[in-house]
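Excluded from the calculations below are hydrogen atoms, water molecules and symmetry mates; all remaining heavy atoms, backbone and side chain alike, are included.
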Amino acid sequence: MSLTDAARAAVLGLPVGHSLSPILHRAAYRALGLNDWQYDAIECAEPDLAGLLARSSAQTIGYSCTMPLKREVLRVADTLTDEARAIGAGNTLLREGSGWHADNTDWIGIRAALANRMVPSTGAVVVLGAGGTAQAVLAALRQAEQVTVLVRDLNRTDELSATAERLGRTIRLGLLSDATPLADASVIVSTLPPGAADALAGNAWRAEQALLDVAYHPWPTALAS
């Protein structure tokens, strides 16, 4: 397919109506003169992803994948990048011939967002959440001296721990109800859905601490405020 051909892409997830991906991609297409390209938002649950890929038209070049699909992406893909395999989650599916190729660009975006604000990521880091985005955080902050992950359920951290092992990263696990590690953190990255970190908003924060909150609707979150 050449750049002059009509092409289709979409962001997949559940829920997905809040996603800004269609706005961002359509603006990029216009800027690049790709006037016949389309980018939509499609609700898709984990059990439905494989079927959606099988039904995709020949004009469909790829999908962005958000919650709750980031681990399912790797299960349905025909090939994976080394980064996606190491992280254990993906956020992108690209058509390659008759199959689908999975990649993870979350870790690049996280790293770039902090670097853009000149936030050092070599000290103590606290990650909130244990899902696919939290797995990408471990890859983005490989230079951190100490990483603590606070979760809602310690019984649902197996895949996160497996990511840490593949990356050669030692992490500490704790519950969100114990906010003690936040006091010494130089960087806090929340990968939780909107509202899930609200209870931490009343903590005694220091001005030199940095927060990256991946939730953006509604914005600002209570934690960001």
Side-chain angles (χ1 to χ4, degrees), residues 1-32 34-110 129-140 153 156 158-160 162-163 166 191-196 214-218:
M1 176 177 290
S2 71
L3 292 181
T4 58
D5 295 329
R8 298 181 62 90
V11 57
L12 310 178
L14 189 68
V16 77
H18 66 284
S19 176
L20 295 178
S21 289
I23 295 173
L24 296 171
H25 283 79
R26 290 168 187 167
Y29 295 165
R30 289 194 301 271
L32 293 170
L34 304 176
N35 299 318
D36 292 330
W37 285 37
Q38 299 180 46
Y39 190 101
D40 302 304
I42 302 173
E43 289 202 341
C44 179
E46 291 174 276
D48 303 323
L49 181 57
L52 185 148
L53 296 181
R55 297 190 303 272
S56 296
S57 68
Q59 287 72 39
T60 302
I61 57 172
Y63 294 106
S64 309
C65 298
T66 186
M67 294 175 61
L69 301 176
K70 293 191 175 184
R71 291 169 179 162
E72 187 66 17
V73 162
L74 303 195
R75 288 188 274 268
V76 302
D78 299 287
T79 58
L80 317 174
T81 62
D82 291 341
E83 290 80 8
R85 182 178 289 104
I87 291 168
N91 70 335
T92 303
L93 284 166
L94 297 173
R95 186 187 290 279
E96 281 199 350
S98 60
W100 294 91
H101 182 64
D103 198 358
N104 189 309
T105 63
D106 280 336
W107 72 278
I108 300 171
I110 293 163
T133 305
Q135 290 170 262
V137 174
L138 298 187
D153 185 354
R156 301 180 64 182
D158 289 350
E159 296 200 53
L160 181 77
T163 297
R166 287 191 295 269
T191 68
L192 295 170
V214 304
Y216 57 79
H217 181 78

I'd like a table of donor-acceptor pairs (distance under 3.5 Å, sequence neighbours excluded) in which one partner is a side-chain atom from residues 72-79, with atom names and distances.
residue	atom	partner	partner atom	Å
Glu72	OE1	Arg75	NE	2.9
Glu72	OE1	Arg75	NH2	3.4
Asp78	OD2	Trp100	N	2.7
Thr79	OG1	His101	ND1	2.6

Please report the shortest heavy-atom distance between [X] and [Y], naming the atom on each side.
| X | Y | result |
| --- | --- | --- |
| Ala136 | Trp107 | O-CB, 3.4 Å |
| Leu192 | Ala215 | O-CB, 3.9 Å |
| Ala134 | Gly129 | CB-O, 3.2 Å |

Quick one, [X] and [Y] - any side-chain contact, counting heavy atoms below 4.5 Å?
| X | Y | value |
| --- | --- | --- |
| Tyr63 | Leu69 | no |
| Gln135 | Thr191 | no |
| Lys70 | Asp106 | yes |
| Arg26 | Asp40 | yes |
| His18 | Tyr216 | yes |
| Thr60 | Arg8 | yes |

What is the distance from atom [atom1] of [X] to atom [atom2] of [Y], rounded to the nearest 0.5 Å?
| X | Y | atom1 | atom2 | answer |
| --- | --- | --- | --- | --- |
| Met67 | Ser19 | CE | OG | 12.5 Å |
| Asn91 | Asp103 | CG | CG | 7.0 Å |
| Ile61 | Leu94 | CD1 | CG | 8.0 Å |

Cut-off 3.5 Å, no hydrogens considered: what does the side-chain donor-acceptor table look like for residues 41-49, sequence neighbours left out?
none

Which residues pass the side-chain hydrogen bond (donor to acceptor under 3.5 Å, both in side chains) test with Ser64, not counting sequence neighbours? Tyr39

Walk me through it: do Asn104 and Thr81 pass the test side chain to side chain donor-acceptor pair (under 3.5 Å)? CA-CA 8 Å; Asn104 189 309; Thr81 62; over 6 Å; no

